[in-house]
Number of protein chains: 2
Amino acid sequence: MADGISERVRPRDRILETAQDMFHKHGIKGVGVDAITEAAGTNKMTLYRHFESKDDLIIECLRATACKAAAIWDAFEAEYPGDKLAQLHAWVRKVSEMLANDSRGCDMANAAVELSETDHPARRVIKELKEAQRERLVNLCREAGVGQAELLADTLSLLLEGARVSLQSVGAEGPSAQFVRMAEGLIASFKAR
Amino acid sequence: MADGISERVRPRDRILETAQDMFHKHGIKGVGVDAITEAAGTNKMTLYRHFESKDDLIIECLRATACKAAAIWDAFEAEYPGDKLAQLHAWVRKVSEMLANDSRGCDMANAAVELSETDHPARRVIKELKEAQRERLVNLCREAGVGQAELLADTLSLLLEGARVSLQSVGAEGPSAQFVRMAEGLIASFKAR
DNA sequence: TCGTGACGTTACAGAGCGGTAACACCCTAG
DNA sequence: CTAGGGTGTTACCGCTCTGTAACGTCACGA
């Protein structure tokens, strides 16, 4: 059978990729290391040679997904170089795509829900990465020339976060269906001041 | 020691109350039935005499929390009888209180994150209860005399949902801190049309 | 008084979990 | 050719989990 993922990729990378996917689909506590290694076409020993513990693997997965998200942001700048307002609209479109194609929400937010222990090592990472994303959105809003850029960015943040969690609890016909209308309306309204 | 909860309450109610609290604090997969029964001052056999399974207990807990939420809504009507706009503002205040006093978010949304299996029996219940709450907010907005009541209600829904999940991932200094400003601004803006 | 039903206690089954030890293998660099 | 490091395999440890069986115990109502 064509395994695809196991052809010429290092076990560590296969594990990381597979774990990201499975954590995303089934939740962190919903998948064990055995299942991950088996799906990655390797075994538990190899996992523990590359990662100190499951918690360590979780953290590396979160960093990897944040890295992918950053790449998407870079694509906005590449597509509309200098035009920050166009990038902001591209962000809205991208979000609505994500909402349409995936109903498991944000890995970091989900991890924060699942890892309820306040001193869990992953929580630091989640906070750091989320703060970085917030800052990026604030900058985009500011450079797009809207007044109260922080307030607009935070509002869009909450709408996004809410849409992704609402999608999981009530489905695609719920409030999240109106995300684009809400976001575009807000941007226009902030822009008008 | 003064146990409080075990004085004259039926074991079933003690279990239900304790389970709600522990599920909320530690997550559904983060707490076992043994821990629940012990905290409720009873034992596992008694739990399984009153609930078919852990899944059944989860569902009953969700129903119970939805019931408590409904009571809060009723309190708005009792406090401002007939004045729907005042009730809407009371709702905003209540939400901001919740955000300030509790950082574990919405039990139903959290459950939807944790119970990723699409055919999990709790998911039906979550969807039903969330849809009921949505309808209630839509009605409140409509009767408060705003145009596009559905859109306002859905926007407020997403802001609330987003604030509660953002609180868990980035903390109280994150975007959720601006919830009241956002909500009041939206209500005013919708009201002005 | 008796018995009935709710509750508590102990023990256990069966499975899954994270994590480790020991050893065999194979590819590649020197 | 050979040595060594990365990898695969098997077996295991100790723990926790949901769920059940068997047996006491106690209160209360007929």
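Quick caveat, the model's predicted, so the values are computed rather than measured. Heavy-atom basis, side chains included; hydrogens, waters and symmetry copies ignored. Numbered from 1 within each chain, the chains take letters A, B, ... in sequence-line order.
Atom pair A:R10:CZ and C:dC27:C1' shows a separation of 11 Å (rounding to whole Å applied). Here C:dG18 presents its C1' atom at 16 Å from CD of A:E38, a figure rounded to the nearest Å. The CG atom of A:N43 sits 13 Å away from the C1' atom of C:dA24 (whole-angstrom rounding). Note: NZ (B:K29) to P (D:dT18) measures 11 Å, nearest angstrom. For the pair A:L57 CG and C:dG19 P, the interatomic distance rounds to 10 Å; values are reported in whole Å. Atom CG of B:D13 and atom C1' of C:dA6 are 14 Å apart (whole Å). As rounded to whole Å, 14 Å separates atom P of C:dC17 from atom CG of A:L47. If you take NE2 of A:H50 and P of C:dT20, they are 15 Å apart, rounded to a whole angstrom.
When the shell of 6.0 Å around CD of B:E135 is examined, it contains 12 or fewer heavy atoms from other residues, nucleotides or ligands.
For residues 36-59 of chain B, the pairs satisfying salt bridge (Lys or Arg N to Asp or Glu O under 4.0 Å) are B:D34-B:K44, with sequence neighbours left out.
Residues A:E161 and A:C106 have side chains in contact (heavy-atom distance under 4.5 Å, counting atoms from C-beta outward). When side chains are defined from C-beta on, A:M108 does not count as touching B:S169, because their heavy atoms never get closer than 4.5 Å. By the 4.5 Å heavy-atom criterion applied to side chains, A:K84 and A:E77 are counted as neighbours.
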Give me, pair by pair, the N or O atoms of the protein and of nucleotides 19-22 of chain D that are less than 3.5 Å apart, along with how far apart they are.
{"from": "D:dG19", "atom 1": "OP2", "to": "B:Y48", "atom 2": "OH", "distance (Å)": "2.8"}
{"from": "D:dG19", "atom 1": "OP2", "to": "B:K54", "atom 2": "N", "distance (Å)": "2.8"}
{"from": "D:dG19", "atom 1": "N7", "to": "B:K44", "atom 2": "NZ", "distance (Å)": "3.2"}
{"from": "D:dG19", "atom 1": "O6", "to": "B:K44", "atom 2": "NZ", "distance (Å)": "2.4"}

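Of the possible polar contacts, one joining the B:E114 side chain to the B:K29 backbone as a donor-acceptor pair under 3.5 Å is found.
An OP1 or OP2 oxygen of C:dG8 is reached within less than 4.0 angstrom by a side-chain nitrogen or oxygen of B:T42. Between A:T46 and D:dT7 there is no side-chain N or O to OP1 or OP2 distance below 4.0 Å.
Toward the 5' end of DNA chain C, the nearer of the two residues A:I28 and B:P11, judged by each one's closest nucleotide, is B:P11.
Connection of A:L115 to B:V170 is not established within any shared hydrophobic cluster, with ILVMFWY side chains joined at heavy-atom distances below 4.5 Å, either directly or through further cluster members.
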